[in-house]
Amino acid sequence: MSKKPFYITTPIYYPSGNPHIGHCYTTVACDSIARYKRMQGYDVMFLTGTDEHGLKIEQKAAEAGVTPKEYVDGIVEKFKKLWSYMNISYDRYIRTTDDYHIESVQKIFKALYDKGYIYKGEYSGKYCTPCESFWTDSQLDENGCCPECHRPVKYAKEEAYFFKMSPFADRIEKLLTETDYLRPKTRAVELVNNFIKPGLEDLCVSRTTFKWGVPVSFDDKHVVYVWIDALSNYITALGYENGKYNEFSKYWPANVHMVAKDIMRFHAIIWPAMLMALELPLPEHLAVHGWITMNGEKMSKSLGNVVDPFVLGERYGQDAIRYHILREMALGADSLFSNEIMINRINSDLANGFGNLVSRTVAMVDKYFGGTLPTERKSAPLDDEFRAAVTGLLPEVDKYIDETKIKQALEEIFKVVDRANKYIDETEPWKLGKDDSQKARLAAVLYNLLESIRIISALLAPFMPTTMPKVWEQIGASAEDVKYENLGKFDVLPANVTVHKGEILFPRIDVDKEIDELNDILRKNMEAAQAKLSAEEKGEEAAAPIELAPEITIDDFAKVEIRVAKVVACEKVKKSDKLLCLQLDDGMGGRQVVSGIAQYYAPEDLIGKKLQLIANLKPVKLRGVDSNGMICAADTPDGVKVIFVDDSIPVGSKVR
Ligand code: MSP
């Protein structure tokens, strides 16, 4: 019988800045579960995407001088590039600016309005513009600022539509306390006490103060405000209320929505309320994890403490990064990011633990049997316990994956890695190798080790998808050998298996050297990110690092003759948008210069002005017009600016 399809989602990310390691956690975690489920034979739909509307995006785009769509397009590219770099195997990528999503959101909003769950009212409170959130006084931080980004909030009031949530309070409380929806369930208490018990407040679901959003179809002064637009993605991506896809009945309800704790409330209360109002089935599980923190705060662009996954990936490989973040984060709790923890983890688990197990085993098969095991093997009682430990792994990992406990799944796998390394110590194959009468015993030990590596590596593949196929190559395992059906038993590799020594899977890292170097790189990156951020806050372009041309001598410079000249006439060059033709008084009888500044100056802006002329530049023709020299101008974030000189300086004066 074929299995029920499996549907897993990440949150849709705000494309308001470069993605960082903090964004990677949920996506890598969902990717690992999606891969695991595919390995188990499920038809998987793994959805991710971007949440592209809102005031913040509108403002950022305006600062950058582009349309909101152009702005998000650029950043969505960066997200997709990161996901491909981290080997994220999503099946669908939804953008809330996609037409089909917009169509569905408008229909969902209208349906909720028609059913009487959405009504018009007025919103007031303390508003944080960068976070696009209203906060109550008690939620503000100790300085009366936004509790998320710690920036000032301001009082705001506006006409808005509201979503009535109170009719669903009882059902939601039961969902959180009596079912396995919320994971970890311990978080239900805070939700019930903070939001349900005091009476579920209606949710503001429209805005009139900005335009960059899905228009309310029956009241175009309003755009749909974030959560109805964003949360609906989980169903619109399957084709709910649109003609783009037809997979709603196949994949809905979702098996797992995975989110971090800051958006738990929206997924634990608002999303179920929306689905109840729409009379749709509820998702099976909401898995909530903590934040990747750095120096005690959530890693976040607005705090400027982000770590660039590309920098880490280039140094240690994507799989090591995937492993590290998955291994450190327990469901529900925060995890600390530090270079020391990461490097020590890579060294202990991947280089010394698993990598060493593979390289030692393959090297011994090579050394003692020329790479191919003999078929004659002699078992010992010790083997049974070892085999049982390895074959017992599969149900354990299955169970933890079903409970969305990835850290625990990895811990189980690495217990067996340790067990296998211990089996080497117990059986002492180097001693058996010296004794010809022990060849059959040695073959059995090495075969058992290869089998353990086959099972361990297949179970690790969803978490580290790039490295494990290299392991299979080394231990001589075929695609068939590492299929899910073969992971609960031994004696799958051919009795006369041939190994192939290969590259070191996870090179050991020199901790002291690496920590200094890495801290330095990350510090510089963070300083650059913070400088960019404060420049953005001041509405400035961040200063790009300045790279100088190669050094020249004073003699080189003396070859350039710069003279002061005055513009006496100026006109546009015909059939050119870019060129202006200037007539200059250069104190030497006059000359004509063509300059590519028509986009920045009208001819009349220049007439009568004095400027600097490169007077000994070889003449050229531009668009058929003679140009004798060049005028000096600066490239600025606001375009090209001519360097004008003081009117008191006579024409013809030499600049040096
Ligand atoms: N757009 C909303 C989600 C809408 S889902 C219907 C949003 N976007 S976000 O880009 O700000 O965050 C997306 C997810 O990334 C959230 O779960 C957020 O907590 C998570 N993370 C962002 N920084 C993180 C860390 N430093 N650590 C772990 N997760 C982090 O919220």
Side-chain angles (χ1 to χ4, degrees), residues 8-30 47-57 60 72 75-76 78-79 82-83 88 93-97 101 105 108 128 130-133 146 148-149 203 205 213-214 224-237 254 256-272 274-275 283 286-309 321 324-326 328-338 406 526 529:
I8 184 165
T9 69
T10 72
I12 45 172
Y13 297 92
Y14 289 128
S16 58
N18 289 350
H20 53 77
I21 281 284
H23 292 118
C24 287
Y25 178 77
T26 329
T27 314
V28 170
C30 289
L47 176 73
T48 190
T50 26
D51 186 1
E52 305 184 7
H53 292 124
L55 178 61
K56 199 172 4 176
I57 301 279
K60 291 216 163 206
V72 290
I75 297 184
V76 167
K78 294 186 181 172
F79 269 92
L82 176 61
W83 298 152
I88 303 298
Y93 192 101
I94 186 166
R95 301 184 55 177
T96 54
T97 50
H101 172 78
V105 168
I108 290 169
C128 172
C131 295
E132 288 176 33
S133 301
C146 171
E148 276 282 309
C149 71
L203 176 78
V205 290
V214 178
V224 177
Y225 175 62
V226 56
W227 289 102
I228 287 200
D229 177 12
L231 290 162
S232 300
N233 93 86
Y234 301 129
I235 51 178
T236 65
V256 178
H257 291 311
M258 191 178 286
V259 302
K261 60 184 183 183
D262 52 340
I263 55 173
M264 167 175 74
R265 173 166 72 97
F266 304 102
H267 288 77
I269 297 179
I270 296 167
W271 182 223
M274 273 176 70
L275 291 166
L286 171 66
V288 182
H289 60 80
W291 291 327
I292 296 190
T293 60
M294 204 168 183
N295 309 327
E297 294 240 47
K298 174 187 180 195
M299 191 183 284
S300 117
K301 190 179 166 270
S302 44
L303 297 173
N305 63 350
V306 293
V307 172
D308 183 347
I321 307 307
H324 166 66
I325 56 180
L326 295 175
E328 294 305 326
M329 179 89 82
L331 204 62
D334 286 347
S335 81
L336 174 79
F337 184 89
S338 101
I406 297 180
M526 261 161 24

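Counting convention: from 1, in listed order, for ligands and their atoms alike. On a predicted model such as this, the values are computed, not experimentally measured, just so you know.
- How far NE2 of H324 is from CD1 of I21: 7.5 Å, rounded to the nearest 0.5 Å.
- At a heavy-atom cutoff of 4.0 Å, ligand 1 is contacted by both the backbone and the side chain of I292.
- When only interatomic distances are considered, the shortest N/O to N/O separation between G22 and ligand 1 falls below 3.5 Å.
- Considering backbone and side-chain N/O atoms, L231 never comes within less than 3.5 Å of an N/O atom of ligand 1.
- Taking the side chain to side chain contact (heavy atoms under 4.5 Å, CB included) definition, one finds that P19 meets it with H23, K78, F79, L82, sequence neighbours left out.
- When each atom of ligand 1 is checked for a heavy atom of A230 under 4.0 Å away, the hits are 6 (C).
- For S335, there are no side-chain hydrogen bond (donor to acceptor under 3.5 Å, both in side chains) partners two or more places apart in sequence or in a different chain.
- Close approach of ligand 1 to H20 (heavy-atom distance below 4.0 Å) involves ligand atoms 23 (N).
- When only modelled atom types and interatomic distance are considered, T50 and Y93 share a side-chain donor-acceptor pair under 3.5 Å.
- Looking at Y25 against ligand 1, nothing comes within 4.0 Å, counting heavy atoms.
- By the 3.5 Å distance cut-off applied to N or O atoms, Y13 is not counted among the residues near ligand 1.
- Here I269 contributes atom CD1 and M264 contributes atom CE; the two are 8.0 Å apart, rounded to the nearest 0.5 Å.
- Under a 4.0 angstrom heavy-atom cut-off, I263 registers as being in contact with ligand 1.
- Close contacts of ligand 1 with D51, meaning ligand atoms under 4.0 Å from a residue heavy atom, involve 1 (N), 2 (C), 4 (C).
- Rounding to the nearest 0.5 Å gives a distance of 11.0 Å between OG1 of T9 and CD1 of I94.
- For ligand 1, the polar-atom distance check against Y234 finds no nitrogen or oxygen pair separated by under 3.5 Å.
- The N/O atoms of I12, backbone and side chain alike, include one that comes under 3.5 Å of an N/O atom in ligand 1.
- In terms of N/O distances under 3.5 Å, ligand 1 is not approached by G290.
- Here the rule is side-chain contact (heavy atoms from CB on, under 4.5 Å) with V214, and of V105, T96, I228 only V105 fits it.
- Between W227 and ligand 1, no N or O atom pair is found at a separation short of 3.5 Å.
- In this structure, I406 CD1 and M258 CE are separated by 5.0 Å, a value rounded to the nearest 0.5 Å.
- Each of the atoms 5 (S), 14 (C), 17 (O) of ligand 1 lies under 4.0 Å from some heavy atom of P11.
- The CG atom of L47 lies 10.5 Å from the CD1 atom of I8; values are rounded to the nearest 0.5 Å.
- Ring geometry, H289 versus Y25: the interplanar angle exceeds 60°, so the pair is classed perpendicular (tilted spans 30 to 60°).
- Counting atoms of ligand 1 from 1 in the listed order, those under 4.0 Å from a heavy atom of A260 are 17 (O), 18 (C), 19 (O), 29 (N).
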